[in-house]
Amino acid sequence: MEEAPEAGRAVRGRVQLTAILSVRNVVKTFKNGSTVRAIDDVSFEVNYDEFVCIIGPSGCGKSTLLRIMAGLETADSGQVLFRGEPITKPTPKVTMVFQTFGLLPWKTAMENVELPMEVAGMPRAEAEGRADRYLRMVGLGTFLGAYPHDLSGGMRQRVGVARALAIGPEVLLLDEPFSALDELTARALRVLLLKIWSDSSLPTNNFVMVTHNVEEAVMMADRIIVMSPHPGRVVGELKVELPRPRFEHLRDALFFDTVDKLMGMLSSNAEEQM
Ligand code: ADP
């Protein structure tokens, strides 16, 4: 059994939450011929045990921000702190699930999940054991030796989730993980991810998910960060007060009210951009 980290850990509903991840005044400009300010002075925090969604229209810098949080991209100024320490390169403590899965086609499901652990220097037997455990956890116990081209989109994303979790991160970053999947497959994966997020016997209970789907954000998040483009800025924040599990409450008035409120925040900013 993996140990859940104790230091500073908050117990949902009982202890005051503090930040596990802090995004502080992050600025990022791309210069490829023209200059694009992708992110302009973005700050927010991710509290212990929180499920945070980042929502905004295409081009508002959501993916760039997530890549900076994962240490895959550097900010021009500002910083991202994990437990108070700046993230300057990829770390096994903060891992990412990609929109287009990012699996190596010549490796099996097991090999794809083992790879980041081997790169991190984990002994082979331990990496194998963890890959096996997490692939079973995501429902792929009978597909350990399958290659990506033999798997459906939903199954490939399950491998992506197992790969990101197997190394034992504390923070999972998800970049529009369902947008390449059909709605029924996406629904099953949302349920799976919420189960993993709320399982306190696992070390990964802090999720940050980028989405442009309003209902999805309201279904999943404790708190939603709203961004607007050109340049990418945080323009609002919405705390989602709906009880969990929410899948039983998707027809409740409170669910529709929250969706409307978020739609209002997004469209008022879109009008201001015009
Ligand atoms: P989102 O995920 O919200 O759609 P992105 O982070 O992908 O937004 O992009 C934000 C802005 O930065 C866009 O204008 C995009 O064209 C630009 N951008 C992103 N990555 C690069 C890059 N590698 N080179 C140049 N411009 C980029």
Side-chain angles (χ1 to χ4, degrees), residues 21-46 51-82 87-91 94-102 153 156-157 160-161 164 171-181 186 189-190 193 206-221 223-238 240 259 262-274:
L21 209 64
S22 303
V23 176
R24 298 220 177 129
N25 308 106
V26 166
V27 175
K28 179 75 184 178
T29 302
F30 289 107
K31 293 182 189 112
N32 298 340
S34 61
T35 300
V36 177
R37 172 65 59 106
I39 301 176
D40 191 32
D41 197 19
V42 164
S43 298
F44 63 91
E45 310 222 301
V46 179
F51 198 128
V52 172
C53 276
I54 303 171
I55 196 165
S58 185
C60 70
K62 304 183 295 295
S63 296
T64 304
L65 183 59
L66 217 58
R67 291 176 60 78
I68 293 171
M69 292 164 78
L72 296 168
E73 188 100 60
T74 51
D76 299 338
S77 60
Q79 55 186 353
V80 177
L81 304 174
F82 168 74
I87 292 181
T88 53
K89 58 182 188 327
T91 158
V94 182
T95 61
M96 188 147 159
V97 174
F98 300 92
Q99 183 178 2
T100 48
F101 324 133
R156 285 183 213 174
Q157 192 55 299
V161 168
V171 180
L172 188 69
L173 306 173
L174 303 120
D175 190 3
E176 299 197 29
F178 316 118
S179 59
L181 305 176
L189 269 168
R190 286 185 197 115
L193 282 173
N206 309 283
F207 281 28
V208 183
M209 186 173 84
V210 159
T211 181
H212 56 246
N213 181 326
V214 173
E215 283 84 6
E216 180 173 287
V218 174
M219 246 184 260
M220 311 282 282
R223 199 155 49 87
I224 301 169
I225 310 286
V226 181
M227 291 186 69
S228 75
H230 316 303
R233 286 196 177 122
V234 172
V235 290
E237 198 179 299
L238 181 68
V240 182
V259 167
L262 184 56
M263 281 298 274
M265 289 169 81
L266 283 162
S267 47
S268 73
N269 276 292
E271 278 159 23
E272 279 166 25
Q273 297 283 319
M274 286 177 191

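First listed ligand is number 1; within each ligand, the first listed atom is number 1. This one's a predicted model, so the numbers in the text were calculated from it and none came from an experiment.
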- line: Taken to the nearest 0.5 Å, the spacing of Ile87 CD1 from Leu81 CG works out to 8.0 Å
Listing, residues 53-64 side-chain donor-acceptor contacts under 3.5 Å, not counting sequence neighbours, or none:
residue: Lys62; atom: NZ; partner: Gly56; partner atom: O; Å: 2.9
residue: Lys62; atom: NZ; partner: Pro57; partner atom: O; Å: 3.1
residue: Ser63; atom: OG; partner: Asp175; partner atom: OD1; Å: 3.3
residue: Ser63; atom: OG; partner: Asp175; partner atom: OD2; Å: 3.1

- prompt: How many angstroms lie between atom CE of Met209 and atom CG of Leu66, to the nearest 0.5 angstrom?
  reply: 10.5 Å
message: Do Arg233 and Ser228 pair up side chain to side chain, a donor and an acceptor below 3.5 Å, judged on atom types alone?
response: no
Between the protein and ligand 1, which nitrogen or oxygen pairs come in under 3.5 Å, and how far apart is each?
residue: ligand 1; atom: 2 (O); partner: Ser63; partner atom: N; Å: 2.9
residue: ligand 1; atom: 2 (O); partner: Ser63; partner atom: OG; Å: 2.9
residue: ligand 1; atom: 3 (O); partner: Gly59; partner atom: N; Å: 3.4
residue: ligand 1; atom: 3 (O); partner: Cys60; partner atom: N; Å: 3.1
residue: ligand 1; atom: 3 (O); partner: Gly61; partner atom: N; Å: 3.1
residue: ligand 1; atom: 3 (O); partner: Lys62; partner atom: N; Å: 3.0
residue: ligand 1; atom: 3 (O); partner: Lys62; partner atom: NZ; Å: 3.0
residue: ligand 1; atom: 4 (O); partner: Gly59; partner atom: N; Å: 2.8
residue: ligand 1; atom: 6 (O); partner: Thr64; partner atom: N; Å: 2.9
residue: ligand 1; atom: 6 (O); partner: Thr64; partner atom: OG1; Å: 2.5
residue: ligand 1; atom: 8 (O); partner: Gly61; partner atom: N; Å: 3.1
residue: ligand 1; atom: 24 (N); partner: Asn32; partner atom: ND2; Å: 2.9

message: Has Thr211 got a side-chain atom pairing as donor or acceptor with Asn213's backbone, closer than 3.5 angstrom?
response: yes
- request: Would you check, one step at a time, whether the test side-chain contact (heavy atoms from CB on, under 4.5 Å) holds for Leu193 with Phe178?
  value: CA-CA 11 Å; Leu193 282 173; Phe178 316 118; 3.4 Å; yes
